[in-house]
There are 2 protein chains.
Amino acid sequence: MPEGPPRPRRGASTIEEVARAAGVSRQTVSNALNAPHRVRPETLERVTTAIRELGYQPDQSARSLRSGARRTLGYLAPVDDPLDPNPLMAGFLEALVDAAGAEGRRVLLFRPAPPTADPTAAIDELVAARQVDGLVLADVLAEDARIAHVARLGVPFVSFGRTGPGEPQHWVDIANDAAMAEVVRHLAAQGHRRIGYLGAAEELPWMAARRAGFLAEAHRLGLTAVALPGAEATAPSAVAAVRALLRGPDRPTAVAAGSDLLALDVYEAVRAEGLAVGPGGVAVTGFHDTPLCRHLHPGLTSVRLPLRAIAAALVGRLLGRLRGEAEPAAGLELPTELVVRGSSG
Amino acid sequence: MPEGPPRPRRGASTIEEVARAAGVSRQTVSNALNAPHRVRPETLERVTTAIRELGYQPDQSARSLRSGARRTLGYLAPVDDPLDPNPLMAGFLEALVDAAGAEGRRVLLFRPAPPTADPTAAIDELVAARQVDGLVLADVLAEDARIAHVARLGVPFVSFGRTGPGEPQHWVDIANDAAMAEVVRHLAAQGHRRIGYLGAAEELPWMAARRAGFLAEAHRLGLTAVALPGAEATAPSAVAAVRALLRGPDRPTAVAAGSDLLALDVYEAVRAEGLAVGPGGVAVTGFHDTPLCRHLHPGLTSVRLPLRAIAAALVGRLLGRLRGEAEPAAGLELPTELVVRGSSG
DNA sequence: TTTGTGTATTTGAACGTTCAAAACACCCGG
DNA sequence: CCGGGTGTTTTGAACGTTCAAATACACAAA
């Protein structure tokens, strides 16, 4: 697999050249970079100037080889179901890259190779090639094979999404149930007493938690609540189910959805029944606060995720583990924010 | 910035250990890996077995340091406008990672650091630290500072989106104008003679091209066409503009939108005017074929981008340049696919 | 002056791999 | 039996950095 002749490195200077320019030795330049306090201020100044003038930056490969630290975090991109794409993958990745960058770390993206699509094999390759210091996982399922694998391997990792009770608790997550409870309270405050919910029940932990949070809070407030299953991929049946609910006795005056896309189906069902979306007709809410929410009419009330805070917490915890600091005993749950728009008030 | 004591490397074996196990020298193992034809079949067999049994993979840092090849491609994530997020960022990235992986390359994600958000500085850092062999850029604008910068630096790169006439033509793109022309022909085939268009005119090259393609093809077919500006961020005014168009004389029977999100505004305008979306009322089309299309009622006709082909072409061209092969003289334009749904037929 | 102590700097070695060239083994024609 | 390929394997060096230990320096105490 020759890459061809190693092209001449564009003006890339080495530590030796900087040392010569500053009239010091290799190691002093290294110290100026990695342990400035060990260098006399006057010398530091001279070295810094030379570094600046030569545009020097340490070769990351050489640095990694010698020190063992890769300064890179791996992000295992979830195998995306094209029918049910993760609506916040892009936003989360951005936040993750920024959070890592703020700590001087880069993010290496990888995915299971398409034919087998085996995530554990992908992890093994990356780890064996020593390309990353640690891993960030997302979309964690119950009994997740990836978590079990990295835990067994002893690879430092954190996950966006909580891990099972028997596994290491290195996760950051949102409080899905509490978020839906807030939605319910919001609807109750608007005077709704009969409310519906559209969203899958079991397959995905976060969807299950939203549903459970909905039902629990509705019960606590003494509301009449009906939860419908809604598979993201089967829009027609979801619409039909909501329409039937709206036609039945005790028609709900509000319907919460487990995602923004599902809320679209609710919009359709409400209108097909000759009703209006909004506080006067049937109130609707979504989840994720995708750009879609602002483009709907009326705008869709939704739950916004603190992606930047999540990413920062993940990176912080992972770097903490890498430094060998005492590990926090439990996962971290971050609060969401309810964004109210015309669809509910 | 110490990473702490270099943790003991989990069972990571070295080339020396493999060599010992197979009873050969360092270099023979290296050859078995990088130039198998130079190794006697019998020896190759023995080495391969040892590699498998020890789970050996070459340390990427050591390999990079010596050979100069990083086996990693950098992807400069566009600075995303939260009001107008790139709807295919996630899908494109997936495709890119897979395409790179198929060639044994990884993708390193990076973004301009938030305070200054200067992309050229981010590029300089990555290149100076010699972390990647080449760059993939996206969302290329006219007179793009990033393109000019990498061209001046001499960094190997390719871009998703065409570069200006004076710049190197290392791009892969879709034919935005041809895609919209196909939409127009589709609508004409459905009997529409008066059609409207909603989409920005100038800021973004791809939006300008879609608009131009729309107008050109409508003119060629002798249709009556009206194009409205539609800033993604200002939904209310877009809706008002479409409504005015629908109320005016010579009401169009079809409206094409420059993106799926803008099509939502068209849906709203059509309904607000008491009309129906679809072939019977006002036909509507979008662009990008996001999951949204399937969740609308009726489903939204849209233009699907060949993201996997684009990614494969980009990676192929970039690796070609790295191998020093003769460069294709011009950019590559790939065809889109019109996905017809209920909104137009 | 000597000794000690701490700080600042330098030197030799090592990280794990591939490159370049040398060594070895074998076969062929003379 | 020798010289010259050709094909395979080994050896020494190098990539650019940081680690670990050694050295030089400055200054105070003996």
Side-chain angles (χ1 to χ4, degrees), chain A residues 1-9 11-20 22-47 50-51 54-71 128-131 133, chain B residues 1-9 11-20 22-47 50-51 54-71 128-131 133:
Chain A
M1 253 46 61
E3 191 70 9
R7 284 156 295 100
R9 304 192 334 305
S13 40
T14 72
I15 204 174
E16 204 76 55
E17 296 171 339
V18 175
R20 218 175 355 255
V24 296
S25 72
R26 251 179 311 143
Q27 186 61 29
T28 299
V29 178
S30 178
N31 285 338
L33 244 33
N34 301 318
H37 62 275
R38 320 187 113 233
V39 179
R40 190 155 48 98
E42 185 189 292
T43 315
L44 184 58
E45 168 66 20
R46 223 165 357 119
V47 173
I51 288 178
L54 291 175
Y56 169 75
Q57 272 202 241
D59 181 307
Q60 188 53 48
S61 298
R63 178 179 260 201
S64 296
L65 174 59
R66 179 61 240 222
S67 73
R70 265 57 189 171
R71 306 192 129 255
R130 277 142 288 180
Q131 299 206 90
D133 294 318
Chain B
M1 253 51 58
E3 190 72 8
R7 283 157 295 100
R9 304 190 338 300
S13 41
T14 73
I15 203 174
E16 204 76 55
E17 295 171 338
V18 175
R20 213 169 7 247
V24 297
S25 72
R26 248 179 311 142
Q27 186 62 26
T28 299
V29 178
S30 177
N31 285 339
L33 243 34
N34 301 319
H37 62 276
R38 318 187 114 232
V39 179
R40 191 156 47 98
E42 184 189 293
T43 315
L44 184 58
E45 168 66 21
R46 225 172 347 126
V47 172
I51 288 179
L54 290 176
Y56 169 75
Q57 271 202 239
D59 180 307
Q60 188 52 48
S61 298
R63 179 179 258 200
S64 297
L65 174 59
R66 179 62 240 222
S67 74
R70 263 59 189 171
R71 306 191 131 256
R130 277 144 288 178
Q131 300 206 90
D133 294 317

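Every chain is numbered from 1, with letters handed out A, B, ... down the list of sequences. Only heavy atoms go into these numbers, but all of them, side chains included; no hydrogens, no water, no symmetry mates.
Checking C:dT9, C:dT17, D:dT17 against the side-chain heavy atoms of B:T14 singles out C:dT17 as nearest. Of the candidates D:dT8, C:dT9, C:dG16, the closest approach to any side-chain atom of B:L65 belongs to C:dG16. Of all nucleotides listed (D:dT10, D:dT17, D:dG12), D:dT17 comes nearest to the side chain of A:R26. Comparing D:dG16, C:dT18, D:dT18 by their nearest atom to the side chain of B:S30 picks out C:dT18. Closest approach to the A:R63 side chain among D:dT18, C:dT10, C:dG16 is made by D:dT18 (side chain taken as heavy atoms from C-beta onward). Residue A:A62 places its side chain closer to D:dT17 than to any other of D:dT17, C:dT18, C:dT10.
An angle of 70°, rounded to 10°, separates the two end axes of the helix from C:dT1-D:dA30 to C:dG30-D:dC1, each defined over five pairs.
Here the straight-line distance linking atom CG of A:L54 with atom OG of A:S13 works out to 5.0 Å at 0.5 Å rounding. Distance check: A:D59 CG to A:R66 CZ gives 15.0 Å after rounding to the nearest 0.5 Å.
Between A:Q60 atom CD and D:dC15 atom P there is a gap of 19 Å when expressed in whole angstrom units. In this structure, CD of A:E42 is placed 9 Å from P of C:dT9, rounded to the nearest angstrom. B:I15 places its CD1 atom 19 Å from the P atom of C:dA14, with the value rounded to the nearest Å. For the pair B:R38 CZ and C:dT18 C1', the computed distance is 12 Å after rounding to whole Å. Distance B:D59 CG to C:dT18 P: 10 Å, rounded to the nearest Å. Following rounding to the nearest Å, B:R70 (CZ) and C:dT18 (P) show an atom-to-atom distance of 13 Å. To the nearest angstrom, C1' of D:dT6 lies 14 Å from NE2 of B:H37. Note: CG (B:L33) to P (C:dT17) measures 9 Å, nearest angstrom.
In this structure, B:S67 does not reach the C:dT18 phosphate: none of its side-chain N or O atoms is under 4.0 Å from OP1 or OP2. Regarding contacts with the backbone of C:dT9, every side-chain N or O of A:T28 stays at 4.0 angstrom or more from both OP1 and OP2.
Side chains of A:V24 and A:V39 form no contact here, defined as non-hydrogen atoms less than 4.5 Å apart. The side-chain heavy atoms of B:I51 and B:L33, taken from C-beta on, include a pair separated by under 4.5 Å. Here the side chains of B:E45 and B:E42 are not in contact, with every heavy-atom distance at 4.5 Å or above.
Of all non-hydrogen atoms in A:V47 and A:V18, the two that sit nearest each other are O-CG1, 4.4 Å. Nearest heavy atoms, A:P36 versus A:N34: CD-C, 3.7 Å. Minimum interatomic distance between A:D133 and A:G68 (heavy atoms only, all atoms of both residues): OD1-O, 4.0 Å.
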| request: Summarise how protein sits on nucleotides 20-27 of chain D as a single string, 5' to 3': B when a protein heavy atom is under 4.0 Å from the base, S for sugar-phosphate-only contact, - for no contact. | output: B-------
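Residue contacts shown for B:T43 are limited to sugar-phosphate atoms, with no base heavy atom under 4.0 Å away.
Residues that satisfy the side chain to side chain donor-acceptor pair (under 3.5 Å) test with A:T43, not counting sequence neighbours, are absent from this structure. Remark: A:Q27 pairs with A:S25, A:S30, A:N31 by the side chain to side chain contact (heavy atoms under 4.5 Å, CB included) rule, at least two apart or across chains. Partners of B:Q60 under the side chain to side chain donor-acceptor pair (under 3.5 Å) rule, at least two apart in sequence or in another chain, are B:S64.
Nearest-nucleotide positions on DNA chain C place A:P41 closer to the 5' end than the other of A:P41 and B:N31.
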Distances for protein N or O near nucleotides 25-27 of chain C N or O, under 3.5 Å:
none

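Residue-environment remark: CZ (B:R46) exceeds the threshold of 12 foreign heavy atoms within 6.0 Å.
Considering B:R63, B:R70, B:R130 as possible partners of A:S61, the one that fulfils the side chain to side chain contact (heavy atoms under 4.5 Å, CB included) test is B:R70.
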